[in-house]
Amino acid sequence: MPVEEFVAGWISGALGLVLGHPFDTVKVRLQTQTTYRGIADCIVKIYRHESAYCLAPFDLIKVRLQNQTEPRAQPGSSPPRYQGPVHCAASIFREEGPRGLFRGAWALTLRDTPTVGIYFITYEGLCRQYTPEGQNPSSATVLVAGGFAGIVSWVAATPLDVIKSRMQMDGLRRRVYQGILDCMVSSIRQEGLGVFFRGVTINSARAFPVNAVTFLSYEYLLRWWG
C-alpha cells in the first residue's frame with residue numbers, strides 16, 4: 001500500500017509538526033540565545049512580546065524566524081528583520097548567497113541520519129515487547145512507544161541539534177564559526193560540555209506528545225484504509 005502509507009505518513013507528520021512547533025521555537029531560543037533564565041521564562045517572554053509565526057518549509061528559515069525577538073506590529077518598535085518565510089528566503093539569498101540557504105545542512109544531515117534509525121528501532125522494539133503475538137499494538141502501546149521513541153531519538157540528536165541551530169544563525173550579522181568542528185570546539189571552550197544538551201528538556205517534553213500523536217494517527221490511518 002505505497003500510496004496509503006505515503007498519505008498516512010504525510011498527515012500524521014503534519015499533525016506532529018503542528019503540535020510540536022511551539023516547543024521547537026522555545027528549544028531553538030534556548031539553544032542560540034542567553035537572554036532567558038529557563039523554559040518558563042522563555043515561554044512567557046515569547047507569548048508576551050511576539051505573535052506566532054507560520055511554519056516554514058525549510059529548517060534554516062524556521063530557525064531564523066524563530067529567533068526574531070522584535071515585537072510585531074507595535075507602534076514605535078523596530079520592524080522585524082524578516083516579514084515571513086518568502087521574505088526570509090529572499091533576504092538570505094541576497095545577503096549570504098545561494099550557499100547561505102544551505103547553512104547548517106551538514107549538521108542537519110549528521111543529526112538526522114543516525115537518529116532516524118534509533119527512532120524506528122525504539123518504536124518497533126517497544127511495540128513488539130508489549131503486544132501479544134499475532135495482534136496489532138493497542139492505542140496505549142502505540143502512544144507510549146511513539147512517545148518514548150521520540151524522547152530517545154531527541155536525546156541522541158540534541159548535541160548536533162545545538163550545533164545545527166548555531167550554524168544556521170551564524171552569518172546573520174557576522175560569521176563566527178568556520179565550520180561544524182570549529183562550532184563544536186568554540187562552544188565547548190566558551191560554555192562547557194553542558195552546552196550540547198541545552199534544550200534537551202524541552203526537546204523531550206515536545207517529543208513525547210508529538211511522536212505519540214504521529215504514530216497513533218499513522219497506525220489508525222493505515223488500519224482504516226486497510
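Positions are given from 1, in the same order as the sequence printed here.
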**Message:** For residues 138-166, which residue pairs pass the side chain to side chain donor-acceptor pair (under 3.5 Å) check, not counting sequence neighbours?
**Reply:** K27-D161, Q31-D161, Q31-S165, D59-K164, R111-D161, S138-T141, S139-Y220, T158-N203, K164-Q168, R166-S187, R166-E191

**Complete:** Nearest heavy-atom contact between R81 and H87 is O-CE1, 3.3 Å

**Message:** Holding to ring pair (Phe, Tyr, Trp, His ring centres under 6.0 Å), I want the full list of residues that pass it with F208, two or more places apart in sequence or in another chain.
**Reply:** F148

**Asked** Atom CZ in R94, atom CD in E96: separation rounded to 0.5 Å?
**Response** 10.5 Å

**Those residues that, when tested against L181, pass side chain to side chain contact (heavy atoms under 4.5 Å, CB included) (two or more places apart)** = V185

**Message:** Other members of the hydrophobic cluster containing L108, with the 4.5 Å side-chain heavy-atom rule, please.
**Reply:** none

**Message:** Using 0.5 Å steps for rounding, measure from the CD1 atom of I180 to the CG atom of L110.
**Reply:** 5.0 Å

**Fill in**
With sequence neighbours left out, the residues meeting side chain to side chain contact (heavy atoms under 4.5 Å, CB included) with N136 are R223

**Message:** What I'd like to find out is whether the side chain of F196 reaches to under 4.5 Å of the side chain of I163, using heavy atoms alone.
**Reply:** yes

Less than 3.5 Å apart, which donor and acceptor atoms pair up between the side chains of residues 119-129 and the rest of the protein, not counting sequence neighbours?
| unit_1 | atom_1 | unit_2 | atom_2 | d |
| --- | --- | --- | --- | --- |
| Y119 | OH | N211 | OD1 | 2.5 |
| T122 | OG1 | I118 | O | 2.7 |
| Y123 | OH | E219 | OE2 | 2.8 |

**Complete:** Residues at least two apart in sequence or cross-chain that pass side chain to side chain contact (heavy atoms under 4.5 Å, CB included) with V155, listed by chain then number, are I151, V200, S204

**Message:** For I92 and Y82: C-alpha separation, side-chain torsions, deciding distance, then whether side-chain contact (heavy atoms from CB on, under 4.5 Å) applies.
**Reply:** CA-CA 10 Å; I92 293 172; Y82 304 120; 4.2 Å; yes

